[in-house]
Amino acid sequence: LLDQTHHGLEIKWCDDIRSHKKYLYTMKENPDAIVVITDDDMIYDDQMLAYLYKSYMKYPNCISANRVHVMGFDEQKNVMSYMKWPQEVSQILLKPSMALIAVGVGGVLYPPDCLYEGVLDIKQLEEICPTTDDLWLKMMSVLKGTRTVCAYPNSTLNLIKETQKEALYKINRAGGENDRQLGLLIDYCKKIDNNVCNQIYKDYMGIKDTLKTPIVSVILPINDKDAEIRRCMNSLLAQSLKEVEILIFDNGSKGRVPQEYIRYNNVSVILQNATMGEEVNLGLNRAKGKYIVIADANISYETDFLKKMYY
């Protein structure tokens, strides 16, 4: 790491305030700068910054993130337990929403003056959110009235395995610290603005139904070539874009390959004695996705095929 200082890397020593040190000292010393935060246990895509900056150019007053969750609410308008929130969503791409929460591991861009002035209060953040910087930053943005944008559809995580033995997610997610600290944080924010959760709830209700529908519907007419069908289906199920439904139209295949995939919640198999054109028309009528892709059973698709078309 020290060797990289010859290539422009600047290392600054600071007090150890856990994950909060990734942003706090930089924002304090550079209040008028765009600040991008990342995690030190990730290897990032070489386009990570480009995705964030493209989003910033379109929405300069919003927080841009390559990975987002949605703050969910129950029927009583209470914030749900963290693990029940819609996680790693991609349906709300490049659309500002107060309900979206930026997840730091994917890379997040913060424009100047987008956070409540108390964001740099070390005493408060250590008492309320010592290990949950994402939650702290989220609620500081809500107090400021700043929305979040999903800049890229659910960026793939390339974690450095050797760093995961003491990763914070183990105590935050599995250990319940997300919920405990969020409860304290909301109480703190309500003392500043008693209606702090109202706008989050309003925006959540505006996207709630969208989160239940697939982004892409894949229509796949098949015949009797089992090997090709299996390779094609496996490639579609392995897509990095997860909000996908697959409609298999089986026109008399001799094997049972299509039946192997019924166990997947996003796969439907329709037995249909029809021409390919008729099957496509039937698929268009049944599809729930915002976008339609007509796939070829003879092709094995690369992992990012659907994501690249969507983005």
Side-chain angles (χ1 to χ4, degrees), residues 14-33 35 37 59 61-65 68-87 96-105 108-149 168-169 171-208:
C14 62
D15 294 334
D16 186 6
I17 51 174
R18 300 196 185 191
S19 56
H20 293 279
K21 62 180 177 284
K22 74 173 74 168
Y23 68 87
L24 190 143
Y25 296 106
T26 299
M27 289 183 178
K28 188 174 183 179
E29 294 180 12
N30 305 275
D32 298 321
V35 174
I37 66 170
Y59 299 107
N61 297 317
C62 294
I63 295 164
S64 295
V68 298
H69 300 333
V70 173
M71 291 186 69
F73 289 77
D74 60 25
E75 294 181 355
Q76 286 72 45
K77 300 184 180 181
N78 296 315
V79 178
M80 293 178 181
S81 171
Y82 183 91
M83 294 302 291
K84 293 183 179 180
W85 293 0
Q87 308 271 322
S97 175
M98 199 69 81
L100 298 182
I101 173 171
V103 183
V105 69
V108 185
L109 183 151
Y110 291 89
D113 198 33
C114 68
L115 301 170
Y116 176 67
E117 59 186 8
V119 66
L120 304 181
D121 188 333
I122 296 178
K123 182 178 182 296
Q124 290 292 347
L125 67 86
E126 285 189 317
E127 289 181 357
I128 299 170
C129 292
T131 63
T132 54
D133 54 291
D134 286 345
L135 297 178
W136 175 259
L137 290 167
K138 171 59 187 174
M139 294 308 294
M140 293 301 103
S141 72
V142 175
L143 286 174
K144 187 68 175 181
T146 304
R147 285 178 164 78
T148 297
V149 177
L168 278 180
Y169 77 86
I171 62 173
N172 287 340
R173 292 174 67 93
E177 282 301 298
N178 278 331
D179 289 327
R180 188 188 73 80
Q181 294 180 33
L182 179 60
L184 295 174
L185 179 57
I186 290 176
D187 288 343
Y188 168 74
C189 291
K190 283 185 175 180
K191 293 177 182 177
I192 300 170
D193 179 0
N194 190 51
N195 298 315
V196 67
C197 290
N198 290 359
Q199 188 59 61
I200 307 175
Y201 175 77
K202 180 180 178 181
D203 281 15
Y204 169 71
M205 294 304 293
I207 65 175
K208 182 180 178 181

- Apply side chain to side chain contact (heavy atoms under 4.5 Å, CB included) to Leu137 and Leu115, showing your working. CA-CA 7 Å; Leu137 290 167; Leu115 301 170; 3.8 Å; yes

- Query: How far apart are the C-alpha atoms of Leu100 and His69, what are their side-chain angles, what is the distance that settles it, and do they pass the side chain to side chain contact (heavy atoms under 4.5 Å, CB included) test?
  - Reply: CA-CA 6 Å; Leu100 298 182; His69 300 333; over 6 Å; no

- Given the rule in the side chain to side chain contact (heavy atoms under 4.5 Å, CB included) test, do Asp15 and Tyr25 qualify, once you have shown the distances and angles that lead to the verdict? CA-CA 10 Å; Asp15 294 334; Tyr25 296 106; 3.4 Å; yes

- Task: Go through the steps to decide whether Leu109 and Val35 satisfy the test side chain to side chain contact (heavy atoms under 4.5 Å, CB included), and finish with yes or no.
- Result: CA-CA 6 Å; Leu109 183 151; Val35 174; over 6 Å; no

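With salt bridges taken as basic N to acidic carboxylate O contacts below 4.0 Å, none links Arg18 and Asp133.
To the nearest 0.5 Å, atom SG of residue Cys62 and atom CE of residue Met98 are 9.0 Å apart. Residue Asn61 holds its CG atom at 9.5 Å from SG of Cys114, rounded to the nearest 0.5 Å. Atom CG in Leu182 sits 7.5 Å away from atom SG in Cys129 (nearest 0.5 Å). For the atom pair CD1 of Ile192 and CD of Glu117, the computed distance is 8.5 Å after rounding to the nearest 0.5 Å.
Ala99 and Ile207 get closest at one heavy-atom pair: CB-CD1, 4.1 Å. Residues Tyr204 and Met71 share a closest heavy-atom pair of CD1-O, 3.4 Å. Shown here for Val119 and Leu125, the closest heavy-atom pair between the two residues is O-CD2, 3.8 Å. Across all their heavy atoms, Val70 and Ile101 have their closest contact at N-CG2, 4.3 Å. Closest of all the heavy-atom pairs between Asp134 and Val103 is OD2-CA, 3.7 Å. Taking all atoms of both residues into account, the shortest heavy-atom contact from Phe73 to Met80 is O-CE, 2.9 Å.
Looking only at atom types and distance, the side chain of Thr131 has no donor-acceptor partner in the side chain of Glu177 under 3.5 Å away. No donor-acceptor contact under 3.5 angstrom links the side chains of Thr132 and Asn172, judged on distance only.
Of the candidates Val68, Ile200, Asp203, Asp203 is the only one forming a side-chain contact (heavy atoms from CB on, under 4.5 Å) with Ser97. The side-chain hydrogen bond (donor to acceptor under 3.5 Å, both in side chains) test with Ser81 singles out one residue from Asp179, Asn178, Asp74, and that residue is Asp179.
Lys22 has its side chain within reach of Ser19: a pair of non-hydrogen atoms, C-beta onward, lies under 4.5 Å apart.
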